[in-house]
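Before any comments, here is the structure.
One is the number of the first residue; the rest follow in order along the sequence.
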Amino acid sequence: MSERDIPEDASGAANASSSKRKSESVAKRAQSQKLSSNIKSSPTSYVYSRASKRTHDSCDPEKENKRNDRREALVKQMHQIKSVDFDLFLRELGLEQKFNRFAADAESKLDYASLCRPYVIKEQVKLEEMENPDDCYLEYAKAIDGVSNQEERLVNCFIVLLEAIGDKAEESGFPNSRYGYIDCQKNAVRGSTHRPDIAVYCVNDTTRRFDAIHMVVEAKTRSFPNNISRDNIGQIADYVYSLWKMQITRKFVPVIFLHGASLSLLVFFRTKTIRVDLGEAFFENEKPKKIEIQGINIVLAQLHFLLTLSPAEFGHICDFTKKPSQLCFSSGSATSSTEVGISDHLQESALAMVKAGPFEGSDVFDLGQTFDRRISLRGRIAYTVKGTFKGEEAVLKLSWTSIERLPENAAYDILAKSRVEGVPRRLSKGLIFANFMGYRLEYMVLEDCGEPLSQALKRLHQIDRLGQFPGYVVSIIKQVAACLVNAYVEGIVHRDISDGNIAVRRLSTNMIDARVIDWGYSKDTMFESDRSAKVARVWHYDSKQVGNNEMAHDPFTGTPRYMGISTLFGSTFRNVVTDIESLFYVVLDALRTIYMLPKSEEEPVGFIHHERLDVLGHIRVSCIRFDDDWLADFGILKASVPGELLRVLQAMRQFLFFNDGTYIGTDLARNRQYIYTVNEASARVFMDEKTIDILKGKDRRTGGPLTSTTTKDSPTKPTRTRRKRKTPDQQEASGSSKRLQLIDENEEVVTVKRYELDDRPQIFQSAFLTSTLCPYCKTGRLKKSFPVENPRPLQRDKWPVITSHALLRCNSVACIGRMAGDDSTDLLSVRHTNRDLAAVLNFQHIVRGLRLNSKVPERFQRPKRARNAVAAPIDGNAALNEPPAQRQ
């Protein structure tokens with residue numbers, strides 16, 4: 001049908017539909033362009049919208065799994081949540097009397113129940129109908145209008161309630177809230193990926209960043225009268241962890257949890273986590289009873305009181321109206337309990353006043369970059385901030401430490417009095433809280449000591465043009481070792497030597513300065529002396545009580561990556577040699593990034609991470625034992641290490657793990673108080689004479705000698721020599737081709753030999769060499785590692801423990817975690833294989849290779865020996881009748 005044959009009305013309808021389709025197309029295109037422009041200009045507002053939140057998480061399962069794993073780990077770190085009454089909670093903070101005055105005034109001036117219009121029933125947020133709605137009702141109606149998500153409705157109504165309480169208080173001349181409220185349901189908070197339902201900020205704060213949040217509000221439509229679900233508590237713990245990590249002024253973290261119509265307060269201290277159930281914040285039916293109205297008034301009065309408290313009274317160590325840029329300290333001036341909000345029954349003794357702004361007689365520290373360090377939701381926490389102090393670059397350290405531990409300032413006082421070199425210089429110091437919930441808060445301002453060891457060595461290696469880098473490393477090792485030994489003489493053991501706790505700076509072309517920092521985990525072994533008693537009086541602790549507690553319950557401290565072998569096996573006995581062993585691992589880890597093995601993307605075996613520390617201990621016992629490839633097990637290419645530096649590393653290994661030429665790794669794992677023997681020839685390579693003389697002194701804990709010394713190199717364990725392999729002609733002439741031959745131990749590959757006996761092809765395999773290749777991963781080598789009692793009685797006195805020849809381990813990372821056994825556990829382990837089983841499995845591979853490909857597998861072939869690589873089937877081939885030397 002042509003166009004002119006279409007009726008007029010039909011043609012008009014067609015044109016109308018055509019124009020409608022065009023207009024719809026244009027509208028869709030414009031909408032698409034607008035959407036794309038919104039994404040480009042404001043990606044956060046689109047990606048993290050409430051509608052796309054679940055879609056975004058489900059589209060990236062890897063991020064979702066990481067987030068869930070992180071939250072699960074945080075839940076494990078938490079203390080068990082204990083329910084506490086609101087009055088008891090205020091009494092612990094010293095705010096009970098202040099609240100009683102507030103509640104008496106609020107009862108006569110404010111009617112909170114009149115502000116609460118919505119009701120929550122069966123996880124549904126509804127609004128009662130009113131004939132003459134007021135402004136408050138209209139705000140609620142606006143908050144839930146067009147919102148189908150019940151959780152979003154609940155959050156919007158709670159924000160309206162908080163603002164209504166503030167307006168009502170302002171009209172009545174009552175104390176108003178100090179904080180503002182930001183809805184973060186759709187957009188992530190600046191400076192983080194978190195999306196709490198409500199973020200509470202100080203009114204004067206304009207940054208609206210996560211590190212400026214006073215507290216968060218999390219809402220769920222489901223009520224949790226008893227225990228909060230694990231998913232929800234993990235989500236809350238994630239927020240709390242970030243606040244502890246980002247805010248150095250934190251004293252505790254409060255979280256308001258709105259679940260259904262109920263309101264609870266979760267408070268996270270360093271020593272405990274408590275839950276305060278306030279009561280119902282919304283009505284649960286359209287027509288509430290009088291007792292329910294009274295309950296609403298009490299709950300909202302408690303909430304209003306918490307929002308009128310200053311940051312110093314509720315969550316922080318000082319008062320401020322926005323994120324502080326300075327911290328000012330006044331040492332020696334007492335702070336009253338009312339100023340910091342601490343009750344007398346906590347035995348509070350605040351000796352230093354801290355504020356966010358300068359005041360008379362204060363030391364001002366300008367805050368800069370905060371060092372990123374891993375923290376926990378409980379236990380000790382230390383903040384280090386780089387900045388300026390009196391015109392000098394310095395580092396501020398704030399430490400929350402248990403009152404049962406040695407104060408870090410006390411350790412610095414002991415070291416400074418003895419003038420131990422290699423310790424940072426303090427510019428200011430003080431004690432803020434002597435006892436807050438079982439923890440003390442102390443501060444110190446230290447000189448800027450430079451970069452962490454790994455970063456400093458990497459930079460020094462890059463700029464080195466004169467070959468001075470090995471000398472730099474040796475100098476650092478000598479300085480740190482001397483510092484640790486001299487500190488031990490004064491009774492201080494560091495117990496946490498790590499990469500971040502060794503700071504290095506370059507003073508000139510030929511001078512390197514190394515300092516040992518972070519003595520917060522140190523221990524005083526001379527706690528009964530008069531010196532320790534004097535220091536204890538200054539820093540308000542009982543030296544004997546702390547010392548005896550350390551003796552009875554010696555804490556397991558340190559960084560697992562750099563712990564010594566005995567510590568990994570659970571020993572809490574620490575001395576200077578265990579610190580030097582940690583220094584050994586720190587140096588290896590720093591050099592690993594410089595002299596890295598080719599194509600080594602995986603973590604080296606010696607530094608592999610594992611939840612069970614004894615597994616890492618077994619691995620290190622095995623890795624350090626072997627002379628040839630121990631550096632490779634720690635990720636270092638031996639051929640690329642300069643000779644001077646290699647000599648120092650070998651000397652440290654000999655000093656720490658060999659006694660009279662015998663490897664003592666097994667003894668360190670079994671004996672918790674092993675007495676070392678110092679080989680002076682090895683010690684002189686990385687220590688000076690004064691340090692070696694100190695090591696000959698007495699152990700501060702046992703009273704006996706710390707080490708015994710020897711001046712000559714100890715004899716090494718004799719090695720058995722194997723007979724050299726005979727040629728095929730010699731074997732045939734001597735008739736020894738019918739038995740297996742002992743082959744040199746240094747042979748790199750397994751050789752398979754085939755000779756003619758009685759006109760039949762035979763394959764002879766060396767049992768020793770067959771058992772040196774791993775039959776599972778097919779890439780690693782099997783080595784001895786399992787210590788056993790010497791089965792030979794006559795040699796047992798001289799060599800009581802030997803390495804088993806029957807049980808071998810694979811040195812390849814591919815075999816870590818693949819051990820056959822209980823499938824219900826996910827623990828990593830090192831594969832151990834029986835020698836005879838390995839030989840049988842490898843021989844099985846050889847036979848299968850002959851059957852399938854008529855050749856021995858490539859991994860069993862000897863390079864450039866064709867006669868040992870090819871085997872023909874038994875089919876009368878003429879090649880079998882040729883002598884072995886003539887086969888190709």
Side-chain angles (χ1 to χ4, degrees), residues 86-87 89-91 93-118 130 132-143 156-183 198-206 212-215 217 254 256 258 263 265 276 278-283 288 290-316 318-322 336-341 355-357:
F86 185 72
D87 294 335
F89 169 67
L90 294 181
R91 194 178 305 122
L93 294 181
L95 300 172
E96 186 178 16
Q97 296 181 0
K98 186 174 183 178
F99 172 72
N100 292 335
R101 293 191 298 268
F102 178 91
D105 295 340
E107 185 177 0
S108 60
K109 295 181 180 180
L110 294 178
D111 182 15
Y112 295 102
S114 63
L115 305 177
C116 187
R117 302 298 171 76
M130 292 186 64
N132 298 318
D134 54 6
D135 294 339
C136 184
Y137 180 88
L138 294 177
E139 289 295 330
Y140 281 117
K142 182 179 178 182
N156 294 342
C157 290
F158 191 69
I159 293 178
V160 174
L161 177 62
L162 293 175
E163 293 176 348
I165 292 174
D167 295 340
K168 192 74 173 179
E170 188 175 356
E171 293 176 2
S172 305
F174 207 68
N176 197 356
S177 172
R178 295 172 176 260
Y179 308 99
Y181 320 101
I182 304 298
D183 185 0
I198 302 175
V200 182
Y201 292 91
C202 291
V203 175
N204 294 338
D205 185 86
T206 58
I213 290 179
H214 176 63
M215 61 180 173
V217 179
I256 296 177
L258 179 62
L263 191 66
L265 177 66
V276 183
L278 303 179
E280 308 297 332
F282 292 102
F283 295 115
K290 184 177 180 180
I291 189 172
E292 295 177 354
I293 295 176
Q294 294 176 353
I296 290 287
N297 281 323
I298 295 175
V299 171
L300 296 185
Q302 294 172 349
L303 176 62
H304 187 193
F305 173 74
L306 296 178
L307 295 175
T308 59
L309 297 175
S310 66
E313 294 174 313
F314 198 61
H316 292 268
C318 60
D319 198 3
F320 51 84
T321 57
K322 60 180 181 179
S336 64
S337 60
T338 56
E339 287 181 300
V340 296
K355 291 187 177 181

* Ile298: partners by side-chain contact (heavy atoms from CB on, under 4.5 Å), with sequence neighbours left out ->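 Ile298 satisfies side-chain contact (heavy atoms from CB on, under 4.5 Å) with Gln302 once adjacent residues are dropped.
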* Asked: Among all residues two or more places apart in sequence or in another chain, which pass the side-chain contact (heavy atoms from CB on, under 4.5 Å) test with Thr308?
  ->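 Per chain and number, Thr308 pairs via side-chain contact (heavy atoms from CB on, under 4.5 Å) with Phe102, Pro175, His304, Phe305.
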Mind listing the closest non-hydrogen atom pair of [X] and [Y] along with its distance?
X	Y	answer
Phe174	Lys109	CD1-CD, 3.8 Å
Asn156	Ala143	ND2-O, 3.2 Å
Cys157	Pro118	SG-CG, 3.9 Å
Tyr179	Val203	N-CG2, 3.5 Å
Met215	Pro254	CB-O, 3.2 Å
Cys116	Ala281	SG-O, 3.4 Å

Do the side chains of [Y] and [X] get nearer than 4.5 Å, heavy atoms only?
X	Y	answer
Phe282	Leu258	yes
Cys318	Pro311	no
Leu309	Leu95	yes

* Tell me, yes or no, whether the heavy-atom count around Gln294 atom CD, taken from other residues, nucleotides or ligands under 6.0 Å, exceeds 12. =>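 Buried by this count: over 12 neighbours within 6.0 Å.
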For [X], what residues pass the side chain to side chain donor-acceptor pair (under 3.5 Å) criterion, not counting sequence neighbours?
X	result
Asn297	none
Asp111	none
Glu280	Ser262
Tyr181	Ser177

So, taking the atom named [atom1] in [X] and the one named [atom2] in [Y], what distance separates them when rounded to the nearest 0.5 Å?
X	Y	atom1	atom2	answer
Phe86	Arg91	CZ	CZ	11.5 Å
Phe314	Leu90	CZ	CG	8.5 Å
Leu115	Leu300	CG	CG	8.0 Å

* Asked: Between the main-chain N or O of Cys136 and the side-chain N or O of Glu139, is there a donor-acceptor pair closer than 3.5 Å?
  ->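 Not a single qualifying donor-acceptor pair exists.
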* Run the numbers on Ser310 and Arg178 for side-chain contact (heavy atoms from CB on, under 4.5 Å), then give the verdict. => CA-CA 7 Å; Ser310 66; Arg178 295 172 176 260; 3.8 Å; yes
* Could you walk me through whether Phe283 and Ile293 pass the side-chain contact (heavy atoms from CB on, under 4.5 Å) check? -> CA-CA 8 Å; Phe283 295 115; Ile293 295 176; 4.1 Å; yes
Residues 158-172 side chain polar contacts: donor-acceptor under 3.5 Å, at least two apart:
{"unit_1": "Ser172", "atom_1": "OG", "unit_2": "Lys168", "atom_2": "O", "d": "3.1"}

* **Residue that, paired with Ile256, satisfies side chain to side chain contact (heavy atoms under 4.5 Å, CB included) out of Val200, Leu306, Leu278, Leu265** =>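 The single option meeting the side chain to side chain contact (heavy atoms under 4.5 Å, CB included) with Ile256 is Leu265.
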